[in-house]
Each structure stands twice: as C-alpha cells, then as structure tokens.
Chemist: 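Just passing along the structure, written as structure tokens.
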Amino acid sequence: MTLALAVSLTGPSHAQAGSSFFEPFDRLSKTRWFTSSGWANGKHQSCLWHKDRVEIANGKLLLSLTADAKEDRSFSCGEIQTKARYGYGTYEARMKVPFASGMNANLFTFIGAPQDRPHNEIDFEFIAPQGPKLQTNFHTAKNGENTEFLAMQNDGEFRNYAFIWEPDRIRWFIDGKLIRDVRAGTLPNEPQKIYLSLWSTDTLVDWMGSFDHGSAPQTLAVDWLAYTEQGAECGFEQSVLCLDGVDVAQ
C-alpha cells in the first residue's frame, strides 16, 4: 500500500525499458533522477515532498523528514524517482533504514494512473506500527492485496535489499538471504520507475501507526542503488547476483 502518485516524465511504458546501471550516489544525476518537490501524494501524507529534503553527502543519498513546514504541511520529506522505466531484472540498494510509528521509508517500483498505465508496483516498505516491520508487496490492476510482513531490528545498520522480478516470479532478499518467493498469481508485467522516499501520515494509523511529531527529524541513507537487466551477468561485487551460496537460477 504505497499510495504512490507521480508526475508523468517519460513516454508510454510500452516503450523500451532502461538498461542496467549502478548508482553510487556520488552526485544526483539530473539525467537519471527526478526530485519530487512541491506536492504531496494526497491528504493521507502529512509532509510535502521538497527538494531541500534530498541531499548527497559523503557518497550517500540522504532523504529526510523534518519539522520544516512547506505550504499546507507541517513537515517536509524527500523522494527521488527515475526518469526511465525498467523491466524484468534485479533491483537492489544498500540502505540504512529509519523506523518510526506513522512513517514509511521505502524502495519500490511503480507505474500507474499518473502515467496513463495500469497499476504495477513492487515494494520494500519499512514501517513501525507496533515495532519495526518490513512490508513486502506487489500490485497489478487486478491484484492488489499481496502483503507479507517481517519483523525487523532497529539497529541503525546498512543492509542490502534486493528483489528479482521475472515474468512468473518475484523474490525478495536481505543481505543475500531469500525472505520471500512468489511464483503464482497475476504478477506485474509493465516497465516501472524506481522510487526511494521517506514520508509520514496522520491518518493511516491502522496501517502505519500514529506519527509522533517529536520523532522528526529522520533520515533514510542510501549508499548505492542498482538495476541489472534480466539475463545479464553480475555487474558489481555487492550484487545479490554475485554472492556465493545465492542460487538465483532456481
């Protein structure tokens, strides 16, 4: 339940998908990335996306949520999204995730109504309604309830998060360990944009818990992010595709 909305920045999603890349976040490429700024995704979001909440520092992307009022919101928060859309393959990032009640830190792919395409989405969402949790999920226009939860530790450590998306399968990994494997049902099949964001709510309390305004500021730190096309060989040492003991062909 990412409730993601975004401006349409590229052509129809049936156009050729983007190719493999590794993003070290030594800078924020305006060719690859769009910074969300000046709007919220709806009344459920208690912060406004703002460019001031997106920063590159010491080779890391920092997305923050702060009590810095913008327009009609008491808080401002950060999001980036790729301009290109990407198809089947491996999506992964090394991140240090914050947990707080009423807050959502995430890595996900999405395409939908804002781009005049059917809803397709694959999620890592980090929430803390009654303690730290990872919510993995996927959506299609005909299949929107595919959520699983995993208890997490709020230890402030960087971890590698990855999912491998294939026509008939999606697998999610943490530090090379398989945590979920979906092989049945209707799966996403449209090229999607890649998103990283951190946001809060005062209304979605049944899902995310009540937001403690005093818990801000919060920061999602991203060391790197990568996409590897389906069928391509391992492209960098940290990839789940390169790890000994991880058989991604099964």
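FYI, side chains are in, hydrogens and waters are out, and symmetry mates aren't considered; it's all heavy atoms of this structure.
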Chemist: Please confirm whether F75 and W199 have ring centers closer than 6.0 angstrom.
Modeler: no

Chemist: Please determine whether the number of non-hydrogen atoms from other residues, nucleotides or ligands lying under 6.0 Å from atom CG of N58 exceeds 12.
Modeler: no

Chemist: Is a side-chain N or O of Q45 found less than 3.5 angstrom from the main chain of G42, in a donor-acceptor match?
Modeler: no

Chemist: Can you list every salt bridge (charged side-chain N to carboxylate O under 4.0 Å, His left out) pair that touches residues 197-212, not counting sequence neighbours?
Modeler: none

Chemist: Distance to the ring centre below 6.0 angstrom and angle to the axis at most 45 degrees; does that hold for K60 and F25?
Modeler: no

Chemist: Side-chain heavy atoms under 4.5 Å apart, restricted to Ile/Leu/Val/Met/Phe/Trp/Tyr: what other residues fall into the cluster of F158, or is it alone?
Modeler: none

Chemist: Check the side chains of Q81 and S36 for a donor-acceptor pair under 3.5 angstrom, ignoring hydrogens and angles.
Modeler: yes

Chemist: Please check if the side chain of D155 supplies one atom and the backbone of E157 the other of a donor-acceptor pair under 3.5 Å.
Modeler: yes

Chemist: Are I127 and M152 connected, step by step, through hydrophobic side chains (Ile, Leu, Val, Met, Phe, Trp, Tyr) whose heavy atoms are closer than 4.5 Å?
Modeler: no

Chemist: Okay, side chain of N106, backbone of E125: is any donor-acceptor separation there less than 3.5 Å?
Modeler: no

Chemist: Could you tell me the separation between the CG atom of D168 and the CZ atom of R183, rounded to the nearest 0.5 Å?
Modeler: 8.5 Å

Chemist: What I want to check is whether the side chains of W33 and E23 have a donor and an acceptor closer together than 3.5 Å.
Modeler: yes

Chemist: With sequence neighbours left out, which residue pairs that include part of residues 222-244 fulfil the salt bridge (charged side-chain N to carboxylate O under 4.0 Å, His left out) condition?
Modeler: none

Chemist: How about H119 and F110: are their ring centroids closer than 6.0 Å?
Modeler: yes

Chemist: Mind checking what makes side chain to side chain contact (heavy atoms under 4.5 Å, CB included) contact with A57, not counting sequence neighbours?
Modeler: E55, L62

Chemist: Main chain of P132, side chain of N154: is a donor-acceptor contact present, judged purely on distance under 3.5 Å?
Modeler: no

Chemist: Quick check for you: to the nearest 0.5 Å, what is the distance between I122 atom CD1 and Y91 atom OH?
Modeler: 6.5 Å

Chemist: Could you tell me how the ring of W165 sits relative to the ring of Y88: parallel (under 30°), tilted (30 to 60°) or perpendicular (over 60°)?
Modeler: perpendicular

Chemist: Would N120 and T140 satisfy side chain to side chain donor-acceptor pair (under 3.5 Å), going step by step from the backbone distance to the final call?
Modeler: CA-CA 5 Å; N120 278 243; T140 69; over 6 Å; no

Chemist: Cluster question for you: counting only ILVMFWY and a side-chain heavy-atom cut-off of under 4.5 Å, with indirect links fine, are L225 and I80 together?
Modeler: yes

Chemist: Side-chain contact, heavy-atom cut-off 4.5 Å: H44 with N41?
Modeler: yes

Chemist: Under 4.5 Å between side-chain heavy atoms, hopping through other hydrophobics if needed: is there a path connecting F34 to V222?
Modeler: no

Chemist: Is there a side chain to side chain donor-acceptor pair (under 3.5 Å) between S239 and E92 once you walk through the steps?
Modeler: CA-CA 7 Å; S239 175; E92 46 197 330; 2.7 Å; yes

Chemist: Counting only N and O atoms by type, is there a donor-acceptor contact under 3.5 Å from the side chain of W49 to the main-chain atoms of S197?
Modeler: no

Chemist: Under a 3.5 Å cutoff, is there a donor and acceptor pairing between the side chains of S200 and S46?
Modeler: yes

Chemist: Taking atom types as modelled and ignoring hydrogens, do the side chains of N104 and W207 form a donor-acceptor contact shorter than 3.5 angstrom?
Modeler: no

Chemist: Would you compute the distance between atom CG of L48 and atom NE2 of H50 and round it to the nearest 0.5 angstrom?
Modeler: 7.0 Å

Chemist: Please check if F163 and L187 belong to a single hydrophobic cluster, counting links between Ile, Leu, Val, Met, Phe, Trp and Tyr side chain heavy atoms closer than 4.5 Å.
Modeler: yes

Chemist: Return all side-chain donor-acceptor pairs below 3.5 angstrom for residues 93-103, not counting sequence neighbours, or 'none' if the list is empty.
Modeler:
| from | atom 1 | to | atom 2 | distance (Å) |
| --- | --- | --- | --- | --- |
| R94 | NH1 | N160 | OD1 | 2.7 |
| S101 | OG | S210 | N | 3.2 |
| S101 | OG | S210 | O | 2.6 |

Chemist: Starting at CZ of R85, measure out to CZ of R117 and round the result to the nearest 0.5 Å.
Modeler: 8.0 Å

Chemist: Does a side-chain N-to-carboxylate-O contact under 4.0 Å join R171 and E166?
Modeler: yes

Chemist: Say you draw a straight line from OG1 of T82 to CD1 of I194; how long is it, rounded to the nearest 0.5 Å?
Modeler: 5.0 Å

Chemist: Same cluster or not: are Y161 and I164 linked, directly or through other Ile, Leu, Val, Met, Phe, Trp or Tyr residues, by side-chain heavy atoms under 4.5 angstrom apart?
Modeler: no

Chemist: Mind checking what makes side-chain hydrogen bond (donor to acceptor under 3.5 Å, both in side chains) contact with K70, not counting sequence neighbours?
Modeler: D52

